[in-house]
Amino acid sequence: MFANLYLSNMILPASFYTRKDVVRVAKDLLGKVLVTNFEGQYTAGMIVETEAYAGASDKASHAFGNRRTRRTEVMYREGGAAYVYLIYGIHHLFNVVTHLAEVPHAVLVRAVEPLEGIDIMMQRRRMEVLKPNLTSGPGALSQALGIYTKHTGYSLLGPDIYIEDRGIKIKPKEIAAVTRVGVAYAQEDALLPYRFYVRDNKYVSKGKGL
DNA sequence: CAAACGATTTTCT
DNA sequence: GAAAATCGTTTGG
């Protein structure tokens, strides 16, 4: 269809996020383009690594057992909001809230490949030369895109933060599924293959056990 | 109100 | 490869 030419640069609709299979959403996010546009600073990167967090039944999730706190509250919203929080007192981690309201599922975005506004990203990261670690790793990409904890609860339907489908297709064979990073405390749930990344992409974070 | 901890990154050896 | 840096959130008294 010719219409596809016009649809190929679309902001993902709420229906993308409200699906009930968080693992599916995590995989589908690979190849999509995360855009931030704060105060005229336009930056964009293709998502190359994600992790699924399956809420109440997932020991690795902040919302395990339907735990509700001021921090986790945003995960109980309907899919399509940003969940951003601070880890290790230093790093801001960007997550996408999925599923319907009252079901606290989320996808952590762990790495993107920079596409636009690379100069702005390097400025934010205080880097002189372009290296993969500009945006490889959840804390790094958040800093590069200018995302901080104050953005938690922001809508992913725009205008400040949104995710586009630019028609990039990642073939199933290009997607690797492995265990998540930094969740050893989650016991048996730490073994779940909930981390997904694009094979051979140099912006995928090192993590542990690659 | 005090204390422990962590979906990490960087730096140094 | 190992360790330090660093602070908001959560939890317990």
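It should be emphasised that the depicted structure is a prediction, and the values quoted were computed from it without experimental measurement.
Remark: A:Arg19 is positioned above the aromatic ring of A:Phe16, its terminal NZ or CZ atom under 6.0 angstrom from the ring centre and at most 45 degrees off the axis. Both the sub-6.0 Å distance and the 45° axial angle are satisfied by A:Arg180 relative to the ring of A:Tyr53.
Taking atom CG on A:Asn133 and atom P on B:dT8, their separation rounds to 16 Å, with Å as the unit. Atom CG in A:Leu141 sits about 13 Å away from atom P in B:dT8, given to the nearest Å. Regarding A:Leu86, its CG atom lies at a distance of 12 Å from the P atom of C:dT10, rounded to whole Å. In this entry the distance linking NZ of A:Lys131 with P of B:dT9 reads 14 Å, nearest Å. In this structure, the NE2 atom of A:His105 is 16 Å from the C1' atom of B:dA7, given to the nearest Å. Put simply, CD1 on A:Ile90 is 15 Å from P on C:dT9, counting in whole angstrom units. Following rounding to the nearest Å, A:Glu73 (CD) and C:dG8 (P) show an atom-to-atom distance of 21 Å. In this structure, CD1 of A:Ile87 is placed 12 Å from C1' of B:dT9, rounded to the nearest angstrom.
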Evaluate A:Ser205 against A:Ser136 for side-chain hydrogen bond (donor to acceptor under 3.5 Å, both in side chains), listing each step before the verdict.
CA-CA 5 Å; A:Ser205 73; A:Ser136 73; over 6 Å; no
Please report the C-alpha distance between A:Glu49 and A:Val109 in whole Å, then the side-chain angles of each, then the deciding distance to 0.1 Å, and finally whether the side chain to side chain contact (heavy atoms under 4.5 Å, CB included) criterion is met.
CA-CA 6 Å; A:Glu49 181 178 356; A:Val109 178; over 6 Å; no
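Searching all strands for a Watson-Crick or G-U wobble partner of C:dG12 with both distances below 3.5 Å returns B:dC1. Checking C:dT6 for Watson-Crick or G-U wobble geometry (two distances, each under 3.5 Å) identifies no partner in any strand.
Between A:His151 and A:Tyr154, the distance from one ring center to the other falls under 6.0 angstrom.
Annotated as syn: B:dA7, whose O4'-C1'-N torsion sits within 90° of 0.
Here A:Arg126 does not reach the OP1 or OP2 of B:dT10: none of its side-chain N or O atoms lies under 4.0 Å away. An OP1 or OP2 oxygen of B:dA7 is reached within less than 4.0 angstrom by no side-chain nitrogen or oxygen of A:His91. Residue A:Arg71 has a polar side-chain atom (N or O) positioned under 4.0 Å from OP1 or OP2 of C:dT10. Considering only side-chain N and O atoms, A:Arg110 lies under 4.0 angstrom from the phosphate OP1 or OP2 of B:dT8. Taking only side-chain nitrogens and oxygens, A:Tyr88 comes nearer than 4.0 Å to OP1 or OP2 of B:dT8.
Backbone-only engagement by A:Ala140 is indicated by non-hydrogen atom pairs under 4.0 Å involving sugar-phosphate atoms exclusively.
Of the listed nucleotides (C:dA5, B:dT8, B:dA7), B:dT8 has the atom at the smallest distance from the side chain of A:Val181. For A:Arg125, whose side chain is taken as the heavy atoms from C-beta onward, the closest listed nucleotide among B:dT9, C:dA5, B:dT8 is B:dT9. The side chain of A:Thr69 has C:dT11 as its nearest neighbour among B:dT10, C:dT11, B:dA7.
The pair A:Glu73-A:Arg68 counts as a salt bridge, with a side-chain nitrogen and a carboxylate oxygen less than 4.0 angstrom apart.
Under the stacking criterion of a centre-to-centre distance below 5.5 angstrom and an interplanar angle below 30°, A:Tyr53 sits stacked against the six-membered ring of B:dA7.
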